Enquirer: 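Here it is, the structure in full.
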Amino acid sequence: MALDARKLDRRVLIQRPVADDSLDGAGSGEWEDVTTVWANVQDALPSRAERLADGINVASRPARVRMRYRDDVTPNMRFVFDGRTMQIVAGPAELGRRDGLEFMVEDYSSAGNSV
């Protein structure tokens with residue numbers, strides 16, 4: 001399946017984790033910007049995507065992100081798009097012969113009233 005470049009209509013920021021090497025810094029790393037790319041972002045169709053995680057009701061918002069092929073995007077990175085921070089949950093899957101990449105992503109928010 002080849003990538004249709006005409007559908008790459010959104011600017012998506014790619015970020016990578018930066019580890020905190022201090023003794024008390026476990027789990028408190030930062031994220032740094034890698035680059036901004038043109039991509040296609042498609043939300044998955046609505047479903048019953050709420051679950052209970054450690055006693056907190058969490059709503060996931062799955063989506064598919066397609067972009068031109070790059071060999072430097074790994075599953076531990078994340079995408080930022082339109083106020084959403086999306087973690088990679090599957091991929092990258094190669095489209096065509098290095099035409100593009102496809103990722104399944106999710107962003108999380110607490111379900112219910114945000115106030």
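All figures in this text were calculated on a predicted structure; none of them were measured in a lab.
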Enquirer: Test of understanding: with side-chain hydrogen bond (donor to acceptor under 3.5 Å, both in side chains), list the residues that count as partners of Arg68, not counting sequence neighbours.
Expert: none
Enquirer: In this structure, would Met104 and Leu101 fall into the same cluster of hydrophobic residues linked by side-chain contacts under 4.5 Å?
Expert: no
Enquirer: Test of understanding: with side-chain hydrogen bond (donor to acceptor under 3.5 Å, both in side chains), list the residues that count as partners of Thr74, not counting sequence neighbours.
Expert: Asn76
Enquirer: Can you tell if the side chain of Val80 reaches within under 4.5 Å of the side chain of Thr85, non-hydrogen atoms only?
Expert: yes
Enquirer: Is Leu8 reachable from Val73 through a run of I, L, V, M, F, W or Y residues, each pair having side-chain heavy atoms under 4.5 Å apart?
Expert: no
Enquirer: I'd like to know whether Glu102 forms a side-chain contact (heavy atoms from CB on, under 4.5 Å) with Asn40, so could you lay out the CA-CA distance, the side-chain angles of the two residues, the decisive distance to 0.1 Å, and finally the verdict.
Expert: CA-CA 9 Å; Glu102 179 175 304; Asn40 176 261; over 6 Å; no
Enquirer: Taking the side chain as every heavy atom from C-beta outward, state whether Met67 and Leu95 have any pair of such atoms under 4.5 Å apart.
Expert: no
Enquirer: Transitively linked via ILVMFWY side-chain contacts under 4.5 Å: Ile88 with Trp38?
Expert: no
Enquirer: Does one hydrophobic cluster hold both Val34 and Val65, with members joined at side-chain heavy-atom distances below 4.5 Å?
Expert: yes
Enquirer: Apart from Trp31 itself, what residues make up its hydrophobic cluster when side-chain heavy atoms of I, L, V, M, F, W and Y under 4.5 Å apart count as a link, directly or indirectly?
Expert: none
Enquirer: Strictly by ring pair (Phe, Tyr, Trp, His ring centres under 6.0 Å), give each pair with a member in residues 64-98 just once, sequence neighbours left out.
Expert: Phe79-Phe103
Enquirer: Could you walk me through whether Val105 and Gln87 pass the side-chain contact (heavy atoms from CB on, under 4.5 Å) check?
Expert: CA-CA 5 Å; Val105 299; Gln87 70 177 7; over 6 Å; no
Enquirer: Extract all donor-acceptor atom pairs below 3.5 Å that involve side chains of residues 9-18 and protein atoms in other chains or at least two apart in sequence.
Expert:
| from | atom 1 | to | atom 2 | distance (Å) |
| --- | --- | --- | --- | --- |
| Gln15 | OE1 | Arg78 | NE | 2.7 |
| Gln15 | OE1 | Arg78 | NH2 | 2.9 |
| Gln15 | NE2 | Asp33 | OD1 | 2.9 |
| Arg16 | NE | Glu32 | OE2 | 2.6 |
| Arg16 | NH2 | Glu32 | OE2 | 3.0 |

Enquirer: Under the rule for side-chain hydrogen bond (donor to acceptor under 3.5 Å, both in side chains), what residues qualify as partners of Asp72, not counting sequence neighbours?
Expert: Arg70
